[in-house]
Amino acid sequence: MRRLLPDPAQHVSVEDAYRTPLQSRVEGPWVGLCMVSSIDGSIAVAGTSAKLSSATDTAVLAQLRQIADVIVVGAGTVRDEGYGEPRKQGQRVGVVTSSGQLDFSTELFSSGAGFLITSERATLDVPAGVDVLRAGDESIDLVTAISQLHLVVDVANFVQVEGGASLNGALFEADLIDEINVTTSPATFGGDGPRLGTGATSHMHRFELAQLALDDESFVYSRWLRRRD
């Protein structure tokens, strides 16, 4: 890929462009969102992100997963995208769910990598050996959940969020996203599919462009840093 910002370079590898999170936090997790989106904002076509993606975008996702300590993702995305055991040894995947309607026979859970994030009052039929992190009374309190990931995982310095739209919207509303890593696919798809974030109440959180790159297929790779000054 060719980097335009911050230091222009004719060629930069995915590993160099996404070697580390944009920043870190002394106490508590640093939370990054990784998504691919069409020009007109769609994050899924026919239920998955496959038609939006490319080989380089897939490499970006893999690299960000490699530097992440834990992945947090909505149950719908786990079902639609067919999540399995992470490639990074020992990595855990927190699945946000209110119903617990998941296939616990998949490799994600049989490997011990998958755990649930839910509310205190949620009634779930969870097999033995699957960890459950409960936060919030009747609804899931994501602020508490993110701050208590250390109760389930050994290290939670960098948390990678991978959607879907409702989870993203809730995290935006709670102002939990520290950086956004988004690949813009060079196409429009129309329809009424999900956008980057849905369901959040009106708010304005400022981000600044920390990195911008593109590849030979006109995919655009941007990294956005939350401004908290």
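Just so we're clear, the structure is a prediction, and the values are computed from it rather than from any experiment.
A salt bridge (charged side-chain N to carboxylate O under 4.0 Å, His left out) with Asp178 is found for one member of Arg25, Arg223, Arg227 and no other, namely Arg25. Between Tyr221 and the options Thr183, Asn181, Asp215, a side-chain hydrogen bond (donor to acceptor under 3.5 Å, both in side chains) holds for only Asp215.
Residues Gln101 and Thr97 have side chains not in contact (no heavy-atom distance under 4.5 Å, counting atoms from C-beta outward). A heavy-atom distance below 4.5 Å is not found between the side chains of Ser24 and Asn157. Within the 4.5 Å cutoff, the side chain of Leu61 has heavy atoms near those of the Gln160 side chain. Annotation: side chain of Leu149 is not in contact with side chain of Val152 (no heavy-atom distance under 4.5 Å). For the pair Phe104/Leu116, a side-chain contact is recorded, criterion being any heavy-atom separation below 4.5 Å from C-beta on. Using a 4.5 Å heavy-atom threshold, the side chains of Val73 and Tyr83 count as touching. Taking 4.5 Å as the limit, some side-chain heavy atom of Val60 sits within range of a side-chain heavy atom of Tyr18. Looking only at side-chain heavy atoms (C-beta outward), Ser185 and Phe219 come within less than 4.5 Å of each other.
Closest heavy-atom contact between Val130 and Gly114: CG1-O, 4.1 Å. When all heavy atoms are compared, the tightest approach of Pro186 to Ser218 is CB-O, 3.6 Å. Between Trp30 and Pro21, the closest heavy-atom pair is CD1-CB, 3.9 Å. Here the shortest heavy-atom pairing between Leu167 and Gly74 reads CD2-N, 3.5 Å. Closest non-hydrogen pair, Ser54 versus Glu217, comes out as CB-OE2, 4.1 Å. Heavy-atom minimum distance, Leu52 versus Ser42: CD1-O, 3.5 Å.
Here the CE-CD distance, from Met35 to Glu162, works out to 8.5 Å after rounding to the nearest 0.5 Å. From Ser98, atom OG reaches atom CD1 of Ile117 across 11.5 Å, with rounding to the nearest 0.5 Å. In this structure, CG on Asp141 lies 7.5 Å from OG on Ser147, to the nearest 0.5 angstrom. Taken from CD in Gln63 to OG1 in Thr20, the straight-line distance is 9.5 Å, to the nearest 0.5 Å. Between the OG1 atom in Thr118 and the CD1 atom in Ile140 there is a gap of 4.5 Å [rounded to 0.5 Å]. Here the SG atom belonging to Cys34 is positioned 5.0 Å from the CG atom belonging to Leu64, to the nearest 0.5 angstrom.
No donor-acceptor pair closer than 3.5 Å links the side chain of Asp40 to the backbone N or O of Thr188. The backbone N or O of Gln10 sits nowhere less than 3.5 Å from a side-chain atom of Arg2 that would complete a donor-acceptor pair. Remark: side-chain polar atoms of Arg226 are paired, donor with acceptor, to backbone N or O of Arg206 under 3.5 angstrom. Remark: side-chain polar atoms of Glu179 are not paired, donor with acceptor, to backbone N or O of Gly32 under 3.5 angstrom. In this structure, Arg65 contributes its side chain and Arg87 its backbone to no donor-acceptor pair below 3.5 Å. Proximity of a side-chain donor or acceptor of Ser53 to a complementary backbone N or O of Ser49 within less than 3.5 Å is not detected.
Each of Val93 and Val161 belongs to its own hydrophobic cluster when Ile, Leu, Val, Met, Phe, Trp and Tyr are linked at side-chain heavy-atom distances under 4.5 angstrom. In the hydrophobic clustering of this structure, Leu22 does not group with Ile71; members are Ile, Leu, Val, Met, Phe, Trp, Tyr whose side-chain heavy atoms approach within less than 4.5 Å, directly or through other members. Criterion: ILVMFWY side-chain heavy atoms under 4.5 Å apart, direct or through other members. Under it, Phe115 and Leu142 are part of a common hydrophobic cluster. Taking hydrophobic clusters as Ile, Leu, Val, Met, Phe, Trp and Tyr residues chained together by side-chain heavy-atom distances below 4.5 Å, Met1 does not share a cluster with Ile180. Both Leu33 and Val220 are members of a single hydrophobic cluster when ILVMFWY side chains are connected at heavy-atom separations under 4.5 Å.
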Passes side-chain contact (heavy atoms from CB on, under 4.5 Å), Val31 versus Leu171? Steps please. CA-CA 10 Å; Val31 181; Leu171 290 165; 5.5 Å; no

Evaluate side-chain contact (heavy atoms from CB on, under 4.5 Å) for Asp69 paired with Val153, printing each intermediate quantity in order. CA-CA 8 Å; Asp69 298 306; Val153 302; over 6 Å; no

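For the pair Glu138 and Arg121, the salt-bridge criterion is met [side-chain N within less than 4.0 Å of a carboxylate O]. Residues Arg92 and Asp131 are paired through a salt bridge, judged by an N-O separation under 4.0 Å between the basic side chain and the carboxylate.
Heavy-atom contacts from other residues, nucleotides or ligands closer than 6.0 Å to CG of Asp154 number 12 or fewer. Around the CG atom of Asp216, the shell of radius 6.0 Å holds no more than 12 heavy atoms that belong to other residues, nucleotides or ligands. By the neighbour-count criterion of 12 heavy atoms within 6.0 Å, atom CD of Glu208 is densely surrounded, having more than that number from other residues, nucleotides or ligands. Within 6.0 Å of atom CZ in Arg228, more than 12 heavy atoms from other residues, nucleotides or ligands are found, so the atom counts as buried in its surroundings.
Both the sub-6.0 Å distance and the 45° axial angle are not jointly satisfied by Arg195 relative to the ring of Phe172.
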